[in-house]
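Data first, discussion second: the structure below is written as structure tokens.
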2 protein chains.
Amino acid sequence: MLTKKQFAALEKESRNWLPGHSIDCVVLGFDGKLRVLLLKRVHSDKWALPGGFINKNEHLDDAARRALKDRTGLKTIYLSQFHTFGAFERRGKTEVDKTIQQLVSLNQHLANWFSQRFLTTGYFAFAEINKAHPEPDFLSEKCEWVDLEKIPELIFDHRDIIQKSLDYIRLRINFLPFGKTLLGKKFTMSELQKLYESILNKELDRGNFQKKILKMNFLYRHDKLLTGAANKAPYLYSFNKKRYDELTKEGIGYI
Amino acid sequence: MLTKKQFAALEKESRNWLPGHSIDCVVLGFDGKLRVLLLKRVHSDKWALPGGFINKNEHLDDAARRALKDRTGLKTIYLSQFHTFGAFERRGKTEVDKTIQQLVSLNQHLANWFSQRFLTTGYFAFAEINKAHPEPDFLSEKCEWVDLEKIPELIFDHRDIIQKSLDYIRLRINFLPFGKTLLGKKFTMSELQKLYESILNKELDRGNFQKKILKMNFLYRHDKLLTGAANKAPYLYSFNKKRYDELTKEGIGYI
DNA sequence: CCAATAGTGTCTGTGAGACAGTATGCT
DNA sequence: AGCATACTGTCTCACAGACACTATTGG
């Protein structure tokens, strides 16, 4: 339960929000698997996407950036809008929002706020997992990177939102700088390949992948990475960001 | 100026609208050139996209469909959302909406309605020009198909909205059924090519275009079209809609 | 016949995909 | 040496793009 003081602060903040509209962010990270940032809601078994409301004098995109900053501490994250969800009953007729019910039922203004019909605009973002500092919001008790293959039950239409973001990303794979934004400074070719495979959701031929990527000429090759394993050591690579940005603008050719 | 009765009806209608959000439609047609459906506003030199507001119990998509039906009489039009425009001051700091100023300044409720900050969700649609029956709305005196190359001055950020829709359409050209929706039942290969050229905004090689399109096997060939011109008569084609729908789903290969 | 446009064929370069061959780090 | 993985090369097939050739309509 929120304290009286927290209630007051929240209520005050809420009076500066644009009614009827929210933003939700599908924040993706990669550590061998694609992961999405989710919040475990209090007083409920369900999870939710990080999101927020729009201040009355704030650009929609800035509201999304602000939500990301609050949830991950990251400012320079890649962020892009993909769809606005406008169903009349986004929550489903039988679904009850237990978190809200328990949290704000005592405050009439906030209870009204959360019982509005909301349109929500979906944004997706790419972040480096080990640079982010996940931080729950006032509706949640945990904020974690969850394997995209093992998504728990989500509130409202948040599963649809994730699905739609993935469809969108796959379609634009040639125009999105996910390499630069999801991998660390240096990485091996097989890490890059695994990233592409995760996003495209299919296996790629090792030799052809390497040939194709190297020919595009956006990677620097560095020293080998000695892992201690009994096999040939892979080279480390990093992005030539200028060249990579050019390519993603005109459409890097992976599909 | 609206009559008292019209005012009353409009005010009543407006009380059922979701505040703060509108939809705008970029309706494209093709008759050798790409054209967009625009409304000439009353008491102003500016033009505007057809748009509307969302009823409180209506899906966002349905609001767009309704606007299209009202402006064109068409129900079975191809329609898709592409972006939500969320700048704080979409209208520009110095721009005055003369239409609204003159039309509704006497009705406090409507004046308030139109002075809100609006987010707007952009939809684009494809329509056959000669099937549509353009109909102005209460803010406008004309509703016309305007050459995309000769767009007059538009209100607010409507020019950006058109630009963004075109960017979006070009990117998805392989997934959009614009052939089926923009051309008539039967058409020549050079009409189809001109359509592709208009959308891609570049010239294509005649021979290669024909080869490529025919190989994809989504066209039926019919009788020749005798135009009376002193040259070889072109064949007429029509779509095998089943095959065409399959192809647009998986991505017809034009780029 | 000619002019104009439509339709088809040919050549070349590029690149994707399958797969084989070579290289190297460690035990 | 042997294993595991990384890197590179080769072959084939398909197709995009440039362009030439043939076909047809009406003057």
Side-chain angles (χ1 to χ4, degrees), chain A residues 32 170 173-174 179 183-184 186-197 199-239 243 247-248 250-255, chain B residues 32 170-171 173-174 179 183-184 186-240 243 247 250-255:
Chain A
R170 280 185 195 122
I173 187 165
N174 286 336
L183 295 173
K186 293 186 179 182
F187 49 89
T188 65
M189 190 57 75
S190 89
E191 284 173 330
L192 184 61
Q193 183 180 342
K194 279 206 189 86
L195 174 55
Y196 268 88
E197 288 178 333
I199 291 179
L200 292 171
N201 206 20
K202 67 173 179 188
E203 294 194 356
L204 302 170
D205 180 274
R206 215 164 39 82
N208 295 333
F209 181 82
Q210 170 131 345
K211 238 188 315 177
K212 196 157 162 182
I213 294 290
L214 287 182
K215 193 190 295 189
M216 287 192 268
N217 209 30
F218 60 74
L219 291 184
Y220 295 121
R221 179 177 279 185
H222 302 280
D223 290 342
K224 292 183 181 180
L225 172 69
L226 300 176
T227 57
N231 53 39
K232 182 172 177 180
Y235 289 108
L236 285 170
Y237 296 89
S238 67
F239 283 96
R243 172 94 178 117
L247 278 173
T248 47
E250 67 190 54
I252 196 173
Y254 211 86
I255 270 198
Chain B
R170 280 185 196 121
L171 198 61
I173 187 164
N174 287 336
L183 296 172
K186 293 186 178 181
F187 48 89
T188 65
M189 190 58 76
S190 90
E191 285 174 328
L192 184 61
Q193 184 180 340
K194 278 204 190 88
L195 174 55
Y196 268 88
E197 288 178 335
S198 302
I199 291 178
L200 291 171
N201 207 20
K202 69 173 178 187
E203 295 194 355
L204 303 171
D205 180 272
R206 209 169 44 82
N208 295 332
F209 181 81
Q210 171 130 344
K211 238 187 316 176
K212 197 158 161 181
I213 295 289
L214 287 182
K215 192 190 296 190
M216 286 191 269
N217 208 31
F218 61 73
L219 292 183
Y220 295 119
R221 179 177 279 185
H222 302 280
D223 290 342
K224 290 183 179 179
L225 173 69
L226 299 175
T227 58
N231 53 40
K232 181 171 178 179
Y235 289 108
L236 285 171
Y237 297 89
S238 67
F239 284 96
N240 175 338
R243 173 92 177 118
L247 278 173
E250 69 189 54
I252 197 172
Y254 212 86
I255 271 195

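Just so we're clear, the structure is a prediction, and the values are computed from it rather than from any experiment. Chain letters run A, B, ... following the sequence lines, proteins first, then strands; residues in each count from 1.
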Closest contact, heavy atoms only, B/Arg221 versus B/Leu214: NH2-CD1, 3.9 Å
Closest heavy-atom pair and its distance - A/Phe187, A/Leu219: CZ-CD2, 3.8 Å
Nearest heavy-atom contact between B/Gly32 and B/Ser198 is O-OG, 4.3 Å
Are the side chain of B/Arg243 and the backbone N or O of B/Met216 linked by a donor-acceptor pair below 3.5 Å? yes
B/Tyr237: what forms a ring-ring contact (aromatic ring centres under 6.0 Å, His included) with it, not counting sequence neighbours? none
Shortest non-hydrogen contact between A/Gln193 and A/Leu204, atoms and distance: NE2-O, 3.0 Å
Position toward the 5' end of DNA chain C (nearest nucleotide), A/Asn231 or B/Thr188: B/Thr188
For B/Leu225 and B/Ala233, which heavy atoms make the closest approach, and how far apart are they? O-CB, 3.3 Å
Taking DNA chain C as the partner, which of residues 223-230 of chain B come within under 4.0 angstrom of it by heavy atom? B/Ala230
Atom-to-atom span, CD of A/Gln193 to C1' of C/dG17 - whole angstrom: 13 Å
Polar pairs (N or O, both sides) under 3.5 Å between protein and nucleotides 7-10 of chain D?
unit_1	atom_1	unit_2	atom_2	d
D/dC7	OP1	A/Tyr235	N	2.6
D/dC7	N4	A/Arg206	NH2	3.0
D/dT8	OP2	A/Gln210	NE2	3.2
D/dT8	OP2	A/Arg221	NH2	3.4
D/dT10	O4	A/Lys211	NZ	2.8

Mind calculating the distance between CE (B/Met216) and C1' (D/dA14) to the nearest angstrom? 14 Å
Please give, in whole Å, the distance from D/dA6 C1' to A/Phe209 CZ? 14 Å
What is the separation between atom CD on A/Glu191 and atom P on D/dT5, rounded to the nearest whole Å? 15 Å
Within less than 4.0 Å of OP1 or OP2 of C/dG15, is there a side-chain N or O belonging to A/Lys212? no
A/Glu203 has an atom CD; how far is it from atom C1' of C/dA18, in whole Å? 15 Å
Inter-residue atom distance B/Phe209.CZ - B/Ser190.OG, 0.5 Å rounding: 9.5 Å
Looking only at heavy atoms, the pair that brings A/Asn201 and A/Arg170 closest together is CB-NH2, 4.2 Å
For the pair made of CG in A/Leu204 and P in C/dG17, what is the distance, rounded to whole Å? 8 Å
